[in-house]
Chemist: 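Here it is, the structure in full.
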Amino acid sequence: MKLERIGAPNFDLELTLDSGQTFHWERYRGGFAGLIGDRAVYVEQQGSELRALAGSAREVQRYFALDHPLPDICAAFPDDPAMCAARDYCLGLRIIRQPLWECLASFITSSMKQVAHIRQMSRALRQRFGEQRVIDELELYSFPSAARIAQVTEKDLRECALGYRAKNLLGTARLVASGEADLEAWRVLSDDELRARLCSLPGVGAKVANCVMLFAYERLRAFPIDVWIERVLKERYFARKRKVTAQKLREFCDSYFGEHGGYAQQYLFHHARKTTPRRVKKRAAGKAARLSQ
DNA sequence: ATACAGGCTCGCC
DNA sequence: GGCGAGCCTGTA
């Protein structure tokens with residue numbers, strides 16, 4: 001393989017790909033293989049450089065958001081213990097720029113699923129309905145377009161283990177394929193208008209809409225609140241409060257974390273997910289089980 | 001085995 | 001308009 005060198009200071013490839021933003025990159029040789037849009041890419045990290053086999057270095061730079069001023073963004077985080085711990089843990093984690101449809105579709109399938117499950121569904125959809133791309137000695141499959149998914153049946157999607165998500169994905173694919181939901185045109189909308197449009201799609205609520213805004217539409221204020229973040233916020237920012245409503249959390253996040261709230265969220269999220277000891281989770285589950293007997 | 005996951009939606013109050 | 005239950009499936 002003949003690899004191209006791409007300068008990538010303040011970037012950690014593995015950390016970024018393992019932070020729950022995207023669900024299809026595979027470890028390959030010393031790096032990762034995946035697709036950027038329709039193009040197969042191999043990329044590995046060597047210190048502050050990437051070595052890539054890709055059609056275009058610009059696409060790689062853009063996808064991994066190497067232009068984001070990461071040190072400035074991190075320096076502007078609120079100065080509190082939870083945030084500082086997350087910042088130190090997540091050095092080089094970037095919010096990437098994904099294709100709109102792929103990101104939207106992936107997060108529609110993510111509801112009530114762990115990362116491992118989401119990856120399986122993504123793989124099944126790609127292998128059945130995507131287009132094959134070969135890179136080095138590896139066969140990859142692109143994420144099927146909305147038009148392609150709009151052609152298949154709910155049963156086909158259920159065979160990809162989507163369960164009740166099949167109906168939502170199909171419904172949204174049809175709206176996008178028909179042009180009724182024009183994802184590209186929505187780029188010009190304000191955050192609030194964009195969120196409202198996204199939430200009008202089947203299978204998309206506030207959480208999924210905020211993920212798509214953050215990971216595809218480059219809305220760096222967007223702050224998805226899932227069960228992990230909710231736990232972190234309640235423990236670290238509302239420790240003494242008894243009752244914290246969803247709306248209170250929402251208002252707090254939007255005002256406290258500010259302009260780059262999405263980055264703050266991703267750092268808090270990843271830190272919590274990777275440092276919460278497994279045995280604590282198990283113990284909590286076991287305790288609940290015993291209590292219910 | 002069986003509870004539970006990185007939610008959305010609908011029906012009930 | 002807030003709250004709870006149901007929805008599918010793979011994993012621990």
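Not measured: the values here are computed from a predicted model. In what follows, chains carry the letters A, B, and so on, assigned in the order in which the sequence lines appear, proteins first and then strands, with residues in each chain numbered from 1.
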Chemist: Can you tell me how far P of B:dC8 sits from CG of A:L104, to the nearest Å?
Modeler: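 It works out to 12 Å between those atoms.
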Chemist: Without swapping roles, check the side chain of A:Y237 against the backbone of A:C253 for a donor-acceptor pair under 3.5 Å.
Modeler: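 Checking the backbone N and O of A:C253 against the side chain of A:Y237, no donor-acceptor pair under 3.5 Å is found.
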Chemist: For the pair A:Y63 and A:W25, name the ring-plane relationship: parallel under 30°, tilted 30 to 60°, perpendicular over 60°.
Modeler: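 Ring orientation, 0 to 90° scale: tilted.
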Chemist: Over how many whole Å does the gap from A:L162 atom CG to B:dG7 atom P extend?
Modeler: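 Distance, rounded to whole Å: 16 Å.
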Chemist: Quick check for you: among C:dT11, B:dC8, C:dT9, whose closest atom lies nearest to any side-chain atom of A:K207?
Modeler: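 Looking only at side-chain atoms, A:K207 lies closest to B:dC8.
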Chemist: Just how far, in rounded Å, is C1' of B:dA5 from NZ of A:K113?
Modeler: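 These atoms are roughly 8 Å apart.
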Chemist: Name the residue from A:R123, A:Q132, A:H24 that meets the side-chain hydrogen bond (donor to acceptor under 3.5 Å, both in side chains) definition with A:Y141.
Modeler: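 With A:Y141 as partner, side-chain hydrogen bond (donor to acceptor under 3.5 Å, both in side chains) holds for just one option, A:Q132.
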Chemist: In whole Å, what is the span from the CD atom of A:E154 to the P atom of C:dC7?
Modeler: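 About 14 Å, once rounded to whole Å.
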Chemist: Say whether A:Q21 and A:S19, considering side chains only, have a donor N or O and an acceptor N or O under 3.5 Å apart.
Modeler: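 Note: A:Q21 and A:S19 side chains meet the donor-acceptor criterion.
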Chemist: Measure the distance from CZ on A:R231 to C1' on B:dC4 and round it to the nearest whole Å.
Modeler: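 Interatomic distance, CZ of A:R231 to C1' of B:dC4: 12 Å.
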Chemist: Take the protein atom CZ of A:R158 and the nucleotide atom P of C:dC7, then report the distance between them rounded to whole Å.
Modeler: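 After rounding, the reported distance stands at 11 Å.
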Chemist: Taking the six-membered ring for Trp, is the centroid-to-centroid distance between A:F23 and A:F107 below 6.0 Å?
Modeler: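 For A:F23 and A:F107, the ring centres are under 6.0 Å apart.
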Chemist: Note every stem involving DNA chain B: at least three consecutive Watson-Crick or G-U wobble pairs, i with j then i+1 with j-1, with both distances under 3.5 Å.
Modeler: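 In DNA chain B, stems of three or more pairs: B:2-5 with C:9-12, B:7-13 with C:1-7.
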Chemist: Relative to each other, are the rings of A:Y256 and A:F252 parallel, tilted or perpendicular (30° and 60° limits)?
Modeler: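 Rings of A:Y256 and A:F252: parallel, as their planes differ by under 30°.
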